[in-house]
Amino acid sequence: MSYVYTVARLRGMENHILDTGFFSRLMDSAGIEDAVKALGETSYSQWITGNSGFDKAIDAEMLATCQELESFVPDKGLLDIFRLPYDFHNVKVLLKGLFKVRGGEPEGRRYDLLSKLGTINTDELTNAIETEEYSYLPYGLTDLIPQCWQLWEATKNAQAVELLIDHQMFKAMLKVAEDLKMPDIVQWVKFRIDAENLKSAIRLARMKYDSAKSLQFFHEGGTIRPDDMAKLLNEPQETWSRLLSHTDIGAVLSALQDSGDIKASLSEVSKAIDDYLIRVLEKAKYSMDDPANVMLYLLTKEAETRNMRVALVCVGSGLDREFGRRLLSNGR
């Protein structure tokens, strides 16, 4: 299936992606009113009403992007890989709300935290979970949700339930990618799993977790086996880049260590890993018929929305703007 027309459309849309220079200037705004004025000539202006509701405006921009791509991308699965994590986020929100309700908190539901960026209509998903009618849900959710309830009843451990959901999310992403029969997309999903596992390894190391107890936190399906990730916790972090030098993501650790950022905040480490997930797809830019350009555009747009949140939080809340600049993604 040809992607020449699709890539040509994406090339035109890329011209409207906001670069890090814009966000650096945005963070120089004297206050939130000046920031809103700066957004006046961007696509975000159509979603902003007044000086509040920025999160909803940012989500609306990303949703409009997905809907536009749906109108001309031949393989919907490419969009599903990007959007299905939002479905699993919504499952977490709904289940945790019901856990609280059954635990005696009648106001435990948080429908305001649901994202419309998923592939499943939020009203339909909410109704399915609250009425226990799961049979039509995709991505293995039909079997997963009862398992979550069983785990919750046995342990009352919300973190364990979240891990179970995340394990299935990555399994579902890999299945959708494999069904597309696009090797580069399958490889990217594997790198995405490696990236999440590396974030977990760094977080667990800082929490002084024992290697034997950490295996449960790592997801199957990446290019690095979960037990190999767990073994990193037995080694000094300074040696991790050497131990992972045979892997693609090892270069991220090398760069962090070379710059002295391996001890940086988890937010900065996550930013570096997220930037890596964009870089590994950038070879698609040299082709006018590569489906990976769809994923590359979505990730670049998502990086833009993260930058928007960082900048507006810094301006609106008076947070350290230099720290905020370090968190800006290099999507473009």
Can you confirm whether Y286 is buried at OH, in the sense that more than 12 heavy atoms of other residues, nucleotides or ligands lie under 6.0 Å from that atom? no
Quick one: does P291's side chain get under 4.5 Å of L78's, heavy atoms only?
yes
- prompt: Does the distance from a Lys or Arg side-chain N to an Asp or Glu carboxylate O, for D194 and K190, drop under 4.0 Å?
  reply: no
- Item | Test side-chain contact (heavy atoms from CB on, under 4.5 Å) applied to T126 and R109, step by step | CA-CA 11 Å; T126 299; R109 294 179 175 89; over 6 Å; no
TODO: Identify whether the distance between the nearest side-chain nitrogen and carboxylate oxygen of K301 and E304 falls below 4.0 Å.
DONE: yes
Between L26 and A311, the two heavy atoms sitting closest are CD2-CB, 3.6 Å
Between T6 and F72 (side chain of the first, backbone of the second, donor and acceptor by atom type, cut-off under 3.5 Å), is there such a pair? yes
Side chain T305, main chain E302, donor-acceptor under 3.5 Å: yes
In this structure, CG of N197 is separated from CD of E220 (nearest 0.5 Å) by 9.0 Å
Same cluster or not: M13 versus V294, using hydrophobic residues (I, L, V, M, F, W, Y) connected whenever any side-chain heavy atoms lie under 4.5 Å apart? yes
* To do: Answer whether the closest heavy-atom distance between the side chains of D248 and Q187 falls below 4.5 Å.
  => no
Checklist entry - Does the side chain of I58 reach to within under 4.5 Å of the side chain of W47, using non-hydrogen atoms? => result no
CG (N121) and CG (N127) are apart, to the nearest 0.5 Å, by 10.0 Å
CG of L10 to CG of L296, rounded to nearest 0.5 Å, is 9.0 Å
Correct closest heavy-atom pair for A230 and S211 would be O-OG, 2.7 Å
- [ ] Go through the steps for L144 and I165 under the test side-chain contact (heavy atoms from CB on, under 4.5 Å), then give the verdict.
- [x] CA-CA 7 Å; L144 175 68; I165 294 172; 4.3 Å; yes
* **pair E124-Y136: side-chain heavy atoms closer than 4.5 Å** => yes
- [ ] Inspect the contact between D275 and R279 and indicate whether a charged nitrogen and a carboxylate oxygen are less than 4.0 angstrom apart.
- [x] no
To the nearest 0.5 Å, atom CG of L215 lies from atom NZ of K231 at 10.0 Å
Inset, instruction - Check step by step if side-chain contact (heavy atoms from CB on, under 4.5 Å) holds for N293 and R11. - result: CA-CA 9 Å; N293 279 289; R11 291 289 184 266; 3.2 Å; yes
The complete set of ring pair (Phe, Tyr, Trp, His ring centres under 6.0 Å) pairs with one or both residues in residues 168-202, sequence neighbours excluded, reads F170-H219
With sequence neighbours left out, the residues meeting side-chain hydrogen bond (donor to acceptor under 3.5 Å, both in side chains) with D290 are none
Please tell me if the side chains of Y297 and L281 come closer than 4.5 Å, counting only heavy atoms from C-beta onward. no
task = Give the ring-plane orientation class for F99 versus W149, where under 30° counts as parallel, over 60° as perpendicular and anything between as tilted.
result = perpendicular
Under 4.0 Å between a Lys/Arg side-chain N and an Asp/Glu carboxylate O for D320 and R326? no
Minimal heavy-atom distance between S45 and G40, with the atoms involved, is OG-O, 3.4 Å
Residue set satisfying side chain to side chain contact (heavy atoms under 4.5 Å, CB included) with S317, at least two apart, ordered chain then number -> V313, L319
Around atom NZ of K171, are there more than 12 heavy atoms from other residues, nucleotides or ligands closer than 6.0 Å? no
CG of L79 to CG of L298, rounded to nearest 0.5 Å, is 6.0 Å
* Can you check whether V161 reaches K96 side chain to side chain, under 4.5 Å on heavy atoms? -> no
Contacts of E235 meeting side chain to side chain contact (heavy atoms under 4.5 Å, CB included) (sequence neighbours excluded), chain-then-number -> T239, W240, L243
- [ ] Check whether any side-chain N or O of S245 sits under 3.5 Å from a backbone N or O of R242 as a donor-acceptor pair, and report yes or no.
- [x] yes
Presence of salt bridge, K213 and D210, under 4.0 angstrom
no
*Start with the C-alpha distance between D184 and K283, add both sets of side-chain angles, then the distance that settles side-chain contact (heavy atoms from CB on, under 4.5 Å), and finish with yes or no.*
CA-CA 10 Å; D184 286 348; K283 66 179 182 180; 4.0 Å; yes
Those residues at least two apart in sequence (or on a different chain) that pass side-chain hydrogen bond (donor to acceptor under 3.5 Å, both in side chains) with D59 are R309
Tightest non-hydrogen contact, residues T155 and L151, listed as OG1-O, 2.7 Å
| task | Indicate yes or no: at least one non-hydrogen side-chain atom of R306 is less than 4.5 angstrom from one of D274. | result | yes
R325/D28 under salt bridge (Lys or Arg N to Asp or Glu O under 4.0 Å): CA gap, chis, key distance, verdict: CA-CA 10 Å; R325 283 187 174 87; D28 287 332; 2.3 Å; yes
Exercise. Is there a path of hydrophobic side-chain contacts, each under 4.5 Å between heavy atoms of I, L, V, M, F, W or Y residues, that connects M229 with M207?
Worked result: yes
Closest heavy-atom pair, T119 versus Y139, reported as atoms and distance to 0.1 Å, is OG1-OH, 3.0 Å
Side-chain donor-acceptor pairs of residues 62-71 under 3.5 Å, sequence neighbours excluded:
{"from": "T65", "atom 1": "OG1", "to": "E61", "atom 2": "O", "distance (Å)": "3.0"}
{"from": "E70", "atom 1": "OE2", "to": "R83", "atom 2": "NH1", "distance (Å)": "2.9"}
{"from": "S71", "atom 1": "OG", "to": "E68", "atom 2": "O", "distance (Å)": "2.5"}

Q.
Starting from Y111, can I reach V101 by hopping between I/L/V/M/F/W/Y residues whose side chains sit under 4.5 Å apart?
A. no
Note: L312 and A35 closest approach over all heavy atoms is CD2-CB, 4.0 Å
TODO: Would you mind reporting whether T122 and N90 have side-chain heavy atoms less than 4.5 Å apart?
DONE: yes
CD1 (I145) and CD (Q147) are apart, to the nearest 0.5 Å, by 10.5 Å
With the threshold set at 4.0 Å, does a side-chain nitrogen-carboxylate oxygen contact exist between E153 and K156? yes
Does K175 have more than 12 heavy atoms from other residues, nucleotides or ligands lying within 6.0 Å of its NZ? no
Worksheet entry | K37 with E33: basic N within carboxylate O range, under 4.0 Å | no
